[in-house]
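The first residue in the sequence is number 1, and the count goes up from there.
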Amino acid sequence: MSTDDGATWQYKLLLDERNQVSYPDGVEAEDGFLYITYDRERGCGKKNLEEIYSEAREILYAKITEEDILKGKISNNGSELKCIVSKLGKFIN
C-alpha cells in the first residue's frame, strides 16, 4: 500500500505464498474491504488432460482491509486469504 500516490510502496501483505499465483485484480467495496481475485496453477502449456488435472487450476479471492496491509498480516475478524471461488474438476459426459 502506498501513502504517497504510488511513489513508494511501504506496506505489504502476502496474499498467497504458493508458486504459480498470478493475475491479481482488486476492488474496494462499500463495506470497506478490499476484494482481490487471482488464479493459481492455471495449467498452461500442458500436453494432455492428465497433466492439466495435476495442477490446482483454481480461482481464488482474498478479503482484506487497509489495516491488514499496514500490519503485514490478517488482523481483522472479517478478513480471509486463499478462498477458492472455482476449481477445475473432472466431468464425465
Side-chain angles (χ1 to χ4, degrees):
M1 186 169 70
S2 177
T3 57
D4 55 11
D5 291 326
T8 61
W9 298 88
Q10 298 173 284
Y11 303 99
K12 298 172 178 76
L13 174 65
L14 182 61
L15 301 178
D16 196 324
E17 74 286 352
R18 299 173 291 185
N19 291 328
Q20 298 185 41
V21 175
S22 60
Y23 299 105
D25 189 24
V27 64
E28 185 172 4
E30 290 181 18
D31 63 5
F33 282 97
L34 304 168
Y35 291 86
I36 303 165
T37 58
Y38 61 96
D39 60 56
R40 181 172 87 90
E41 293 186 351
R42 293 175 50 183
C44 296
K46 302 298 179 186
K47 296 177 183 168
N48 57 49
L49 278 177
E50 185 176 303
E51 287 184 13
I52 290 171
Y53 286 129
S54 72
E55 300 287 325
R57 304 280 298 178
E58 297 171 333
I59 298 172
L60 303 104
Y61 78 90
K63 178 183 172 187
I64 60 173
T65 64
E66 288 185 2
E67 180 183 352
D68 296 327
I69 299 169
L70 290 171
K71 291 184 176 182
K73 64 181 182 177
I74 296 299
S75 60
N76 187 296
N77 287 337
S79 297
E80 48 192 345
L81 300 175
K82 296 190 257 185
C83 302
I84 297 174
V85 173
S86 177
K87 181 173 179 68
L88 179 67
K90 292 185 179 181
F91 299 97
I92 300 172
N93 291 357

Reference residue Arg40; test side-chain contact (heavy atoms from CB on, under 4.5 Å); the match among Ile84, Ile59, Leu60: Leu60
State whether the number of non-hydrogen atoms from other residues, nucleotides or ligands found under 6.0 Å of Asn19 atom CG is greater than 12. no
Nearest heavy atoms of Leu14 and Glu17, plus distance in Å: CD2-CB, 3.7 Å
Give me the atom names and distance for the closest heavy-atom approach of Glu28 to Gly32. OE2-O, 4.3 Å
Rounded to the nearest 0.5 Å, how far apart are OG1 of Thr37 and NZ of Lys63? 15.0 Å
In terms of hydrophobic clustering (I, L, V, M, F, W, Y; side-chain heavy atoms under 4.5 Å; direct or indirect links), are Ile74 and Leu70 co-clustered? yes
Is there a side-chain contact between Lys71 and Glu66 (heavy atoms, below 4.5 Å)? no
Cluster question for you: counting only ILVMFWY and a side-chain heavy-atom cut-off of under 4.5 Å, with indirect links fine, are Ile36 and Met1 together? yes
Is the shortest heavy-atom distance from the side chain of Ser75 to the side chain of Glu67 under 4.5 Å? yes
Dump the intermediate steps for salt bridge (Lys or Arg N to Asp or Glu O under 4.0 Å) on Glu41 and Lys87, then the final yes or no. CA-CA 10 Å; Glu41 293 186 351; Lys87 181 173 179 68; over 6 Å; no
Any side-chain donor near an acceptor of the partner, Glu80 and Tyr61, under 3.5 Å: yes
Please find the pair of heavy atoms, one from Ala7 and one from Ser2, that lie closest to each other, and give the distance. N-OG, 4.0 Å
One pair to check against side-chain hydrogen bond (donor to acceptor under 3.5 Å, both in side chains): Thr3 and Gln10. What are the steps and the verdict? CA-CA 8 Å; Thr3 57; Gln10 298 173 284; 3.2 Å; yes
State yes or no: do Leu81 and Tyr35 share one hydrophobic cluster built from I, L, V, M, F, W and Y residues joined by side-chain heavy-atom distances below 4.5 Å, directly or via other members? no
If we count only N and O atoms by modelled type, under 3.5 Å, do the side chains of Asp25 and Tyr38 hold a donor and an acceptor together? no
For Leu15 and Ala62, the nearest pair of non-hydrogen atoms, with its separation, is CD2-CB, 4.0 Å
Might you point out which heavy atoms bring Ile64 and Asp68 nearest each other, and give the distance in Å? CA-OD2, 3.5 Å
